[in-house]
Amino acid sequence: MAMSAADNERITQTGPGTPAGEFMRRYWQPVALAEELAGDRPVVPLRLLGEDLVLFRDDTGDLGLIDRRCPHRGADLALGRLEDGGLRCYFHGWLLDGDGRCLETPAEPEDSTLAAKVRFTSYPVRERNGIVWGYLGPGDPPEFPALDCFAAPDEYTFAFKGYLDCNWLQALEVGIDPAHASYLHRFEQDEDPEESYGKQFRSASLGTDLPMTKILREYGRPEIVNARTDYGQRIVALRTLDRDGEDGSRTHVRITHQVFPHGITIPLSSTMSITQWHVPVDDVSCYWYAMFTSLDTPVDKETMRAQRLEGITLPDYKPVANRANNYRFDPEEQRTTTYTGLGPDINVHDQMAVEGQGPIHDRTREKLSRSDKAIITYRRMLMAAIDAVAAGHSPQTLLDDRAEVESRGPIPLDGIGPTGAWEDFWADAIARLRAASPWAAGWTEALRTGPAGVRAEDAEPEDPTQLAPRATSAAGTPDAR
């Protein structure tokens, strides 16, 4: 059964006052790259969850995230004067700070108390490893969960972003679809893995010289095993190797994670992971923010940034290949080199696929299959969490940075191990990688809970091809599991 139009609207609309918007506002949101605040005037206008805001760093170094319109008469503060500990409106000189206070109203009489009475929209802001985050929800913001990307030293991380001309949810769903990589990201020739630094799906699998491109190309029917976790969902794609001299005794294991509400964690190489968030600008556009985290050596940030700047324009980080130029599609390349004809950048492949679904994908027309298991599970969890917030509860996937809900990781993997023993292979491989890490070796809690995270019997049903009605717990509240 396809999704109803009402449910599709409910899970895609995130503006102020919408059910999904209220749910999404319970989490920290990436709002800008730290590099966007570089230069003589660190002021960045932005749109997030349907709200027009302005981010700035004042002359004391503090960050502020406030309503883009001056509370006096609505002038655009993105063009304001950055001075005197705040952002000053050019219209009548009101001086506004990042805490939502008015410090001065210079056009008023000297004895005026107006400034002390003015309050306007402002949001808490934090900076973590190259990304600036804002909390747009009620009350005090939650702590950042202890993910590797937040806890790693700065030199072991690199952050970047890109724009997509479509709804946030279809951008997220491509990242939790293990089967698509064998087609959308298929390359007919394999590169030297030694030249794969910073490139997705181009390195060799852990402990081997077998290129990931060859595995994806030759094994297009992965077995998918997914299970729910405290942070969201673990997704395992298994490809048993039984060609070109392989006898089926070895299996390629690719383990990725969906991190609520709109993140994924996937392997870039055997020692580097990508944690990526898909953040609504509004209902028909979004940004992806990616944080690359290396376990073994500092990240070559200059190389990583140069690679990615080739495909985008500044200052908006919009892609050079887009609908207007047909994504630079090359039919000869499609016949001979890549499955898409769009060049080697897999971000462009994903972009074409999700933008091709339209501004907001019409899920009432879908015919879901077994390869969509993780997407189906995520939608169930998403609808339940939205309902929980609407009923006045906190979503169960709201993680705190405490030992009893240890969430370091979640730990992805791309490797080849014994067939039928992927959990043991994963645990052993991760233990070795973390033990050798200059910064993660002491985090025993991340391994004590086991990298598998959940028991095998908690795996999702083998054939969940229909979206079930929203489950309700015995207490009468939506079941976020």
Side-chain angles (χ1 to χ4, degrees), residues 13-34 36-127 131-142 168 279-287 289 315-316 389:
Q13 295 185 358
T14 60
T18 62
E22 292 303 303
F23 156 72
M24 198 75 82
R25 282 165 171 78
R26 265 56 178 184
Y27 297 83
W28 285 99
Q29 303 290 331
V31 302
L33 294 177
E36 295 180 73
L37 291 166
D40 295 335
R41 189 174 183 275
V43 180
V44 180
L46 58 94
R47 186 167 171 81
L48 178 69
L49 297 173
E51 296 187 40
D52 291 312
L53 306 170
V54 61
L55 172 71
F56 66 94
R57 194 187 301 276
D58 67 25
D59 48 17
T60 69
D62 291 335
L63 290 169
L65 181 64
I66 63 175
D67 193 314
R68 184 168 174 173
R69 303 300 169 186
C70 179
H72 180 205
R73 285 173 56 194
D76 185 359
L77 292 173
L79 302 175
R81 299 171 60 89
L82 193 61
E83 61 188 19
D84 301 329
L87 197 58
R88 190 182 294 278
C89 181
Y90 48 78
F91 202 177
H92 296 89
W94 285 28
L95 180 63
L96 310 168
D97 73 4
D99 293 326
R101 298 176 301 171
C102 180
L103 304 180
E104 295 178 6
T105 55
E108 299 300 306
E110 288 188 3
D111 61 352
S112 172
T113 60
L114 175 61
K117 300 174 185 177
V118 172
R119 289 293 182 270
F120 58 94
T121 300
S122 67
Y123 295 117
V125 201
R126 302 287 187 274
E127 189 173 343
I131 297 179
V132 179
W133 300 74
Y135 176 72
L136 277 63
D140 294 331
W168 72 275
V279 187
V281 173
D282 48 36
D283 292 340
V284 294
S285 61
C286 63
Y287 276 101
Y289 284 81
D316 53 15
V389 172

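Using a 4.5 Å heavy-atom threshold, the side chains of Arg101 and Leu96 count as separate.
Trp94 meets the ring pair (Phe, Tyr, Trp, His ring centres under 6.0 Å) test with His72; sequence neighbours excluded. The ring pair (Phe, Tyr, Trp, His ring centres under 6.0 Å) search around Tyr287 returns Tyr163, not counting sequence neighbours. Evaluation of the side chain to side chain contact (heavy atoms under 4.5 Å, CB included) rule for Gln13 yields Glu9, Thr18, Asp283 as partners, not counting sequence neighbours.
Few gaps surround CG on Asp316; more than 12 heavy atoms of other groups in view lie less than 6.0 Å from it.
Each salt bridge (Lys or Arg N to Asp or Glu O under 4.0 Å) pair with one or both residues in residues 55-64, not counting sequence neighbours, appears once here: Arg57-Glu127.
Within the 3.5 Å criterion, the main-chain N or O of Leu33 finds a donor-acceptor partner in the side chain of Glu36. Looking only at distances, no side-chain donor or acceptor of Arg68 sits under 3.5 Å from a matching main-chain atom of Asp76. Side chain of Arg81 to main chain of Leu95: no donor-acceptor pair is present (N/O by atom type, distance under 3.5 Å, no hydrogens or angles). Here the side chain of Arg26 pairs a donor or acceptor atom with the backbone of Glu22 at under 3.5 angstrom.
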* **side chain to side chain contact (heavy atoms under 4.5 Å, CB included) assessment of Leu37 paired with Val132** => CA-CA 10 Å; Leu37 291 166; Val132 179; 4.1 Å; yes

* Worked check of side chain to side chain contact (heavy atoms under 4.5 Å, CB included) between Val279 and Tyr289 -> CA-CA 8 Å; Val279 187; Tyr289 284 81; 3.9 Å; yes

* **Derivation and outcome, salt bridge (Lys or Arg N to Asp or Glu O under 4.0 Å), residues Arg69 and Asp52** => CA-CA 8 Å; Arg69 303 300 169 186; Asp52 291 312; 5.2 Å; no

* Between Phe56 and Ile66, does a side chain to side chain contact (heavy atoms under 4.5 Å, CB included) hold up when you go through it step by step? -> CA-CA 9 Å; Phe56 66 94; Ile66 63 175; 3.8 Å; yes

* Would you check, one step at a time, whether the test side chain to side chain contact (heavy atoms under 4.5 Å, CB included) holds for Met24 with Trp168? => CA-CA 12 Å; Met24 198 75 82; Trp168 72 275; 3.6 Å; yes

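Leu49 approaches Pro16 most closely through the heavy-atom pair O-CD, 3.5 Å. Residues Pro124 and Trp28 share a closest heavy-atom pair of O-CZ3, 3.6 Å.
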Table please: side-chain donor-acceptor pairs of residues 116-123 below 3.5 Å, with sequence neighbours left out.
unit_1: Ser122; atom_1: OG; unit_2: Asp99; atom_2: O; d: 3.3
unit_1: Ser122; atom_1: OG; unit_2: Gly100; atom_2: N; d: 3.3
unit_1: Tyr123; atom_1: OH; unit_2: Glu51; atom_2: OE1; d: 2.7
unit_1: Tyr123; atom_1: OH; unit_2: Glu51; atom_2: OE2; d: 3.4

Extract all donor-acceptor atom pairs below 3.5 Å that involve side chains of residues 38-45 and protein atoms in other chains or at least two apart in sequence.
unit_1: Arg41; atom_1: NH1; unit_2: Ala78; atom_2: O; d: 3.3
unit_1: Arg41; atom_1: NH2; unit_2: Ala78; atom_2: O; d: 3.1
unit_1: Arg41; atom_1: NH2; unit_2: Gly80; atom_2: O; d: 2.4

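One finds a salt bridge joining Asp282 and Arg47 here, because a Lys/Arg side-chain nitrogen approaches an Asp/Glu carboxylate oxygen to under 4.0 Å.
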